[in-house]
Colleague: 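Here you go, one structure.
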Amino acid sequence: MHTEDLPLLVFTLLSQWAVGTFLVAVVIRLCTGKETALAATRLGIMAAGPAAVLSSVIAALHLGSPMAAPNAMNNLATSWLSREGLFTSMFIALWFVVFLLHRQGKINRLLDLVTAVLGLAAIYSTSGIYTTSVKPAWASLNTYITFFGTTALLGITGVAFTNVLGAKGAADQTVIKIFRAAGIVALACLIVQIAYLPVYFAVLAAGDAAAQATVTLLGGSFALAVALKWILALGGSAIFLYSLYNPTKVAAEMPKNAVFLAAGLILVGEIIGRYIFYATAITTTVGL
């Protein structure tokens, strides 16, 4: 991976963590009573905005002229980069309103939903930037599956992590039930990604020289890294699910150590996966 790709690695992971964490927090807020929702999502809501802001700053610094970053939104009709900037800015602006309401002990569920949708639109736009590139490894449905899968995985573990980090009493059983369902969703996201890999490899193998070079890298020098990414992600997801379905562990409170371990394993796995994403992408011609 080129050094200039490092800010993009951090930006994409951080923005997907922010949107995913906010989205899962919104699900909890929709499915629980006001007091439970405010307590269970306090740190998750609080962390999502700064993470989104930081990711935007990193993205702007990656540009040749950071001060000209606002100009990236001047071509909404044809530019995915412009759409990404617009949706991210709107997500951050509405997050701030949600945050202020939360601080006042208020919840506007419609505002929550609109903000979450804008966040997902930003992730979709980011995916669009890569799928329209001249790198066959990126110009694929796999990019959408990967980015939205990461958003779900980091969001689920992100809210679980912040939930237990800020817990001050017994766990709410309704919230635990939501996390159980979320854990199944996380595992399903991993299964979908793994199930699509043979199709992804087959398409690349039938492609041009750049696409075939990516397959060679994935099956050669990066094979161990690929295997490690999936082992960590699946292992973290399994630990998360097991801990939540163990009645002796969740009767009194969320299993903190298990949640921390699961979140850590999944995060490391996603970092490795995103490194592979950038390191194995070969350019067909001059371009992104």
Side-chain angles (χ1 to χ4, degrees), residues 11 13-59 84-124 126 148 150-183 185-186 240 244 250 253-256 259-260 262-263 266-267:
F11 156 68
L13 286 178
L14 197 55
S15 62
Q16 287 157 31
W17 185 93
V19 171
T21 297
F22 186 87
L23 176 62
V24 177
V26 166
V27 171
I28 293 175
R29 287 156 74 95
L30 289 173
C31 298
T32 59
K34 180 182 175 182
E35 294 305 318
T36 297
L38 289 171
T41 63
R42 181 178 64 87
L43 286 183
I45 292 292
M46 187 184 300
V53 171
L54 180 57
S55 72
S56 297
V57 171
I58 293 172
E84 177 194 58
L86 175 65
F87 288 130
T88 300
S89 298
M90 294 174 69
F91 171 76
I92 292 171
L94 290 189
W95 164 84
F96 187 65
V97 178
V98 171
F99 172 70
L100 290 179
L101 288 175
H102 188 99
R103 293 268 295 178
Q104 297 170 16
K106 301 176 182 178
I107 293 179
N108 185 317
R109 289 180 169 83
L110 178 58
L111 179 62
D112 288 349
L113 281 172
V114 172
T115 307
V117 169
L118 288 171
L120 291 174
I123 301 302
Y124 186 84
T126 303
F148 279 101
T150 297
T151 300
L153 284 169
L154 295 185
I156 290 166
T157 54
V159 174
F161 181 90
T162 56
N163 182 268
V164 299
L165 194 64
K168 296 180 180 180
D172 185 277
Q173 295 305 304
T174 302
V175 174
I176 289 177
K177 289 179 180 178
I178 295 172
F179 279 129
R180 285 174 177 168
V185 171
F240 185 64
L244 289 173
V250 298
E253 61 180 11
M254 284 278 285
K256 293 185 179 181
V259 170
F260 291 160
I266 289 175
L267 177 60

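These figures come from a predicted structure and were not determined experimentally.
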Colleague: Can you tell if the side chain of L101 reaches within under 4.5 Å of the side chain of L111, non-hydrogen atoms only?
Modeller: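 Of all side-chain heavy-atom pairs linking L111 with L101, at least one is under 4.5 Å.
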Colleague: Return the minimal non-hydrogen interatomic distance between A52 and S55, and the atom names on each side.
Modeller: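 Answer, listing the atom of A52 first, then S55: O-OG, 2.7 Å.
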Colleague: Y124 vs F148 aromatic rings, parallel, tilted or perpendicular, using cut-offs 30° and 60°?
Modeller: tilted
Colleague: Do V98 and R29 have side chains that get closer than 4.5 Å, going by heavy atoms?
Modeller: yes
Colleague: Verify whether the ring centers belonging to F99 and W95 lie closer than 6.0 Å.
Modeller: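 Yes, ring centres under 6.0 Å apart.
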Colleague: Do other residues, nucleotides or ligands put more than 12 heavy atoms under 6.0 Å from R103 CZ?
Modeller: no
Colleague: Nearest 0.5 Å, what's the CG-CG distance between L13 and L267?
Modeller: 7.5 Å
Colleague: Decide yes or no on side-chain contact (heavy atoms from CB on, under 4.5 Å) for S15 and T88, but give the supporting numbers first.
Modeller: CA-CA 9 Å; S15 62; T88 300; over 6 Å; no
Colleague: Check whether T162 reaches the backbone of V159 with its side chain - one donor and one acceptor, N or O, closer than 3.5 Å.
Modeller: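 Yes: the side chain of T162 pairs with the backbone of V159.
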Colleague: Could you go through the side-chain contact (heavy atoms from CB on, under 4.5 Å) check for K256 and N163 one step at a time?
Modeller: CA-CA 9 Å; K256 293 185 179 181; N163 182 268; over 6 Å; no
Colleague: Can you name the closest pair of heavy atoms from K34 and R109 and give their distance?
Modeller: N-NH2, 4.3 Å
Colleague: Report the C-alpha separation of T157 and V259 in whole Å, then their side-chain angles, then the decisive distance to 0.1 Å, and conclude whether the side-chain contact (heavy atoms from CB on, under 4.5 Å) test is met.
Modeller: CA-CA 7 Å; T157 54; V259 170; over 6 Å; no
Colleague: Distance check, rounded to the nearest 0.5 Å: F22 atom CZ versus M46 atom CE?
Modeller: 13.5 Å
Colleague: Please verify the inter-ring angle class for F260 with F161; under 30° counts as parallel, over 60° as perpendicular, anything in between as tilted.
Modeller: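 Ring orientation, 0 to 90° scale: tilted.
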Colleague: Does the side-chain contact (heavy atoms from CB on, under 4.5 Å) test come out yes or no for T32 and I178, once each step is laid out?
Modeller: CA-CA 9 Å; T32 59; I178 295 172; 3.8 Å; yes
Colleague: Between OG1 of T21 and CD of Q16, what distance do you get to the nearest 0.5 Å?
Modeller: 11.5 Å
Colleague: Which pair of non-hydrogen atoms, one from G158 and one from W17, has the smallest distance, and what is that distance?
Modeller: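 Where G158 meets W17 most closely, the heavy atoms are CA-NE1, 3.8 Å.
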Colleague: Closest approach of G155 and V24, non-hydrogen atoms and distance?
Modeller: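 Heavy atoms of G155 and V24 come nearest at C-CG2, 3.6 Å.
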Colleague: Have a look at I266 and tell me which of I156, L154, T150 forms a side-chain contact (heavy atoms from CB on, under 4.5 Å) with it.
Modeller: L154
Colleague: Side chains of F87 and L120: does their closest heavy-atom pair fall under 4.5 Å?
Modeller: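 They are not in side-chain contact.
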Colleague: Testing V26, L94, L23 for side-chain contact (heavy atoms from CB on, under 4.5 Å) with T115, which one passes?
Modeller: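 Exactly one candidate clears the test, L94.
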Colleague: Using only atom types and a distance under 3.5 Å, with no angle test, would you say the side chain of R180 pairs donor to acceptor with the backbone of L244?
Modeller: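 It does hold such a pair.
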Colleague: On a heavy-atom basis, which atom in A51 and which in A18 lie closest, and how many Å separate them?
Modeller: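 So the two residues come closest at CB-CB, 3.8 Å.
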Colleague: Nearest heavy-atom pair of A25 and T41: which atoms, and what distance?
Modeller: O-CG2, 3.4 Å
Colleague: Donor-acceptor check, side chain of H102 to backbone of L38, threshold 3.5 angstrom: yes or no?
Modeller: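 Checking the backbone N and O of L38 against the side chain of H102, a donor-acceptor pair under 3.5 Å is found.
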Colleague: Decide yes or no for T174 and C31: does some side-chain heavy atom of the first lie under 4.5 Å from some side-chain heavy atom of the second?
Modeller: no
Colleague: How long is the span from the CG atom in L118 to the CD1 atom in I123, to the nearest 0.5 Å?
Modeller: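 The CG atom of L118 sits 12.0 Å away from the CD1 atom of I123.
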